[in-house]
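So the structure is just underneath, and the comments pick up after that.
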There are 2 protein chains.
Amino acid sequence: MDHPVHPLLTLQPSEVRRASQIIKKQFPNQQVSFRTIAVKEPPKKEVIEFLEAEKTRQPLRYPARRLYVSYQFRGKPEEFEDILEINSGTIVCHRQLPHGVHISSSQEDMLPIQNQILDDPLVRREIVRLKLPRNSKVISEIWPYGKDNDRPEPKRYQVWFYLNSIDPEAQRHPSSNFFAHPLDFSAVVDHVTKKAIRIDRLPLGRELDSISGDNDSWQPNPDAEYATDLQPSIRRDVKPIRIQQPEGVSFRVESNDQVVHWQKWRFHLDFNWREGAVLRDVSYDGRPVFYRLSLAEMTVPYGDPRSPFHREPVIKKNCICLHEVDTGIGWKHTNYRNGRAEVTRGRELVIQTIMTIANYEYILCWIFDTAGAIHYEVRATGIMSVVPADQREDLTKLDYGIIVSPGVMAPAHQHLFCLRLDPAIDGYASSIVKYEETIPEPMNSQTNPYGVMFRVKETPITESGHLDLNPATNRIVKIVSNDHRNRVTEHQTGYKVLVPPTQTILADPKSTHFRRAAFADHQFYFTKQDDNELYPAGEFPWQSIGGLKEDTGLRQWAARKDPLRPGNGVVWAIFGLTHNPRPEDWPVMPCEVFRVAIKPSHFFEKNPALDMPASEQLVNQSTLVKSEKHNALTFDGCCRAKL
Amino acid sequence: MDHPVHPLLTLQPSEVRRASQIIKKQFPNQQVSFRTIAVKEPPKKEVIEFLEAEKTRQPLRYPARRLYVSYQFRGKPEEFEDILEINSGTIVCHRQLPHGVHISSSQEDMLPIQNQILDDPLVRREIVRLKLPRNSKVISEIWPYGKDNDRPEPKRYQVWFYLNSIDPEAQRHPSSNFFAHPLDFSAVVDHVTKKAIRIDRLPLGRELDSISGDNDSWQPNPDAEYATDLQPSIRRDVKPIRIQQPEGVSFRVESNDQVVHWQKWRFHLDFNWREGAVLRDVSYDGRPVFYRLSLAEMTVPYGDPRSPFHREPVIKKNCICLHEVDTGIGWKHTNYRNGRAEVTRGRELVIQTIMTIANYEYILCWIFDTAGAIHYEVRATGIMSVVPADQREDLTKLDYGIIVSPGVMAPAHQHLFCLRLDPAIDGYASSIVKYEETIPEPMNSQTNPYGVMFRVKETPITESGHLDLNPATNRIVKIVSNDHRNRVTEHQTGYKVLVPPTQTILADPKSTHFRRAAFADHQFYFTKQDDNELYPAGEFPWQSIGGLKEDTGLRQWAARKDPLRPGNGVVWAIFGLTHNPRPEDWPVMPCEVFRVAIKPSHFFEKNPALDMPASEQLVNQSTLVKSEKHNALTFDGCCRAKL
């Protein structure tokens, strides 16, 4: 790669190969095992200069192309991270991480351990103890380890064990649900030696130490299959719905498959190892709206109080799905004087990624609509994480979980998400943040003689910090331009960030859960933009306990009380779900859907969807169901019946 | 009608004719002007006995068929209401309403007044004063009158006036937007004489009394058209989306078009003059869930502090639209060990009614889904109510509204809705109500040594009253069966009512707004079921000021502190939108969508959507967009690509 590249270009296979070569050349006597090779985004300042020059057709100054690389040497505990300048082949920065600070692991590290651990003597001893039935098979499931003390520790994994399905047909099925058979022990495994350092017998009852004894064997429990093939019967009365676009899609993807154009929206779509889909330089009809949009972090704290890949580039296809959705009536008005209806339909462009994280699935979508809004939608589905339960004890009235099947308990937990919104309302350097409240005015003869008045009050956010929502005052965060005003209303042009006021983290502030999730205690955080502050739970969340030098995250950044000036603020929106499991969520969970909306507020002079085409029968081809009594009617699009 | 009818049968044209004859025969010397002829639902007790006998194929006891009728005598102020027994032709109850208490009006009353008032001398004088341009046309718009004192008053209307569009092409168009030209006066009109009793000049500026003087004429302002035909340009890049059901729909409507069957759901669908679509005897797979579901009331209080249809049955077609919607992925799990994905799609049945209320549209939907949940969705659209604004005064920084066009101000307001949920969880007489909260447990060595624990706590609601939501404790209302327990979890079978915690009424408790909307001050009310307590703002909201004997509503019913026992509780859920207008909402508003979800909670032993058919390419016929780089792939339904 000797030619300069666009600063928003996604990671290229050739770059991965080159970075790998550069590092390996440095350590000819080591077997280098890479964890991450990723683009290190250029400073925002340089990117903005580039984007503005690009728009005004000025000469372009290409920022240096840099990659972030993390790695280890095979069989050794030391962990390293480097920043490379790819064109010159220079290592700009190289460091060994302090003891106890860990880079992430990949499937290439974890899957071999997951397989080998079944032969570990400590694990074998537990399996023998269980006296499992003939023909049964133990399935190991490797997770990152979360420590609960302040001491630096080597990198570890926690491995859970399950039994395969009992029914022979289910056993052979590729979607056989072993999660329905959690075993009563777990292994803590060392990353370097790949050996179990400890077996944790899992609590099975109400008491914190209600673990199996050395003579306790396996308690049989029933299968719980989710695979369609394994259901006793499948409904036959769901008639197909076909959604077709006979003329193709309305979006266009250009410039190396990264620039998406759709309904006046334009953005650079990228995908990285840590944040998934990232949207940059988002604009509407040529007007900048956001510099960068990402899902920055998430955490899933459980409320159960009891203890217990050398590399060539691989191209992942179909990791982002772009599709359009008809959202029904976009806007409508009927003039009752003459029966004339004007109606248009709404449309969304969905940028969807599905993350399978062991047992669980997150369907994560950035969504644009034809009324100028951006949405973030999460659909939580997959299989709930469950733990074994003693069938001899009555656990039906547990405060922190439910029995979903004999011997299987689903603990209560939270799913907490953090969006990072780096704004560029009508320009890259002028966005300011404020919040709006709607306050009732007491009845008084001077201003409010009939007692009906309420006032919309705005409060600027002038330094970094946090904010909680307050439904009683309809508190809403707004991002507006300090430079641009709406020509009709004379208000600052902007967007409002509509986040559902969901419950924040419930863990005790002294707990590891709380300390590690340094973003989950408020509904909003505001910080001064920093190119190196992208991840709210800190750079290295693996075995992190939060708040230490290397673990510094959003809570600490916000506490600096940096002055927020036009163009330097970043908005972090936190939302989620306290999931007190239902039996209806087992053995696979119907999608739980929640949405954040980022809606224009004085950004446009009028409804930006006014120019949507009228809903017409020629286009929609709606038909009325024929019944014995009614003949089919032809009508001009759903909801625009000719009267 | 001499044969008995099903107690849930909707109003029949023959019944309307017969009721009309019975009343007219009583008053041979009067011209009877009917306001309402509706079914008076039989007592719940009798209906339940009927439904249970019907299900168990026992002999049926038909409740007496009764109709509610309200009427006046042409040209006279007295208002009457009667209850008739239709088979015997008996008047069971007849009464004259007290002075100041008013029955509703219909288009047949109101539209003639709306037309005639333009010739009223008081109105003519105002129109002359305005010195309107040649060829312009004044449009009158009649609304119910809301009084602001405690004295009983005759029935009145408030009429607003607008000028038609200025552009000649727009003038001729059937969707010409006269709302963009509000005039500076209003008329208060007597119902009997049809004469203006008073002209109210409207405030135009910041001062409460900033009205036009006798020499002030019309200030020109620009058109603001929403009609597609009148836009300067329409987008051409919205490619059609066709949603087709080649094998027809999955629902079935039987028994006189009233009983709907869809995906194990069954319910009686009715429509009445006051509540719109009403759902009764809602059951899932034969198990009762709700006795009756209705949108009981709504109110739209504005925050602007300044003052100011003889009848044969007409069959309204298409007032309810039933349709199915594909909601994307219903549930999914991928086994990462072998890449096998199990995925089904979600489906909803939408029971949609669109109400055009003068300038505004409410799209109101009861929705059933394939995962056992019921939803209520509101889409608010149409044209915001606007008032004239003095163009000589700077009104851009008004606290309670925005200028949407020169001379036109859109005041802040709220839309508040009240659902009435009359439950029948696993039986008609055993539902009880409680609320659930999720409470963090402080870190302590006995129960919570790691500080991660939280508890799910339930509190029974044992007497009538109200409740506010609390996002901090994730407070959720649940309706459960006192008799039935889930066989797996041993919890009571039930449903949870998930209402967004939106802002309640902002008007001062001493104001008429607040007193009239006797339901809008809390997010939940609970009352003891009473066949005559269906309307939260009282029986007679027209010119009501709330709380008087005839105006008694939800707030007063709840205050009785009636003991709530199994089977006698009704849940009222209040939600809405504080609408601080945006220019993006003008001249027609993009749908603002909000939803209440009623989800099964321990009602099923496992995910009720487990038996949904697998998502298959044969059914979905998804295709991948072809680009220059990629060839089209065949894949097995969206999101189930063969790896």
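Every chain is numbered from 1 and lettered A, B, ... according to where its sequence line falls, protein lines coming before strand lines.
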Show me, pair by pair, the donor-acceptor contacts under 3.5 angstrom made by side chains of residues 239-249 of chain B, not counting sequence neighbours?
residue, atom, partner, partner atom, Å
B/R242, NE, A/V619, O, 3.2
B/Q245, NE2, B/E324, OE2, 3.0

Practice task
Check whether any side-chain N or O of A/H491 sits under 3.5 Å from a backbone N or O of B/T396 as a donor-acceptor pair, and report yes or no.
Solution key: yes
Problem - Side chain B/E605, main chain A/P583, donor-acceptor under 3.5 Å - result: no
Completion exercise
Note: vs chain A, highest number of non-hydrogen pairs under 4.5 angstrom among B/M453, B/E584, B/K599, B/E441 is B/E584
Show me the donor-acceptor pairs, under 3.5 Å and distance only, between side chains in residues 504-511 of chain A and residues at least two apart or in other chains.
residue, atom, partner, partner atom, Å
A/D508, OD1, A/K510, N, 2.9
A/D508, OD1, A/K510, NZ, 3.4
A/D508, OD2, B/M443, N, 2.8
A/S511, OG, A/D508, O, 2.6
A/S511, OG, A/F514, N, 3.1

Fill in the blank from the handout: The interface call for A/P500 against chain B, heavy-atom contacts under 4.5 Å, is neither
Problem - Exam field: side chain A/R347 to backbone B/V238, donor-acceptor pair closer than 3.5 Å - result: no
Practice task
Kindly say whether A/P174 contributes a backbone atom to a donor-acceptor pair with the side chain of B/N335 at under 3.5 angstrom?
Solution key: yes
Practice task
Could you tell me whether a side-chain N or O of A/E342 sits under 3.5 Å from a main-chain N or O of B/T228, the two making a donor and an acceptor?
Solution key: yes
Completion exercise
The interface call for A/I402 against chain B, heavy-atom contacts under 4.5 Å, is side chain
Completion exercise
Cut-off 4.5 Å, heavy atoms of chain B, and the answer for A/A371 is side chain
Problem - Interface moiety of A/M612 toward chain B, non-hydrogen atoms closer than 4.5 Å - result: both
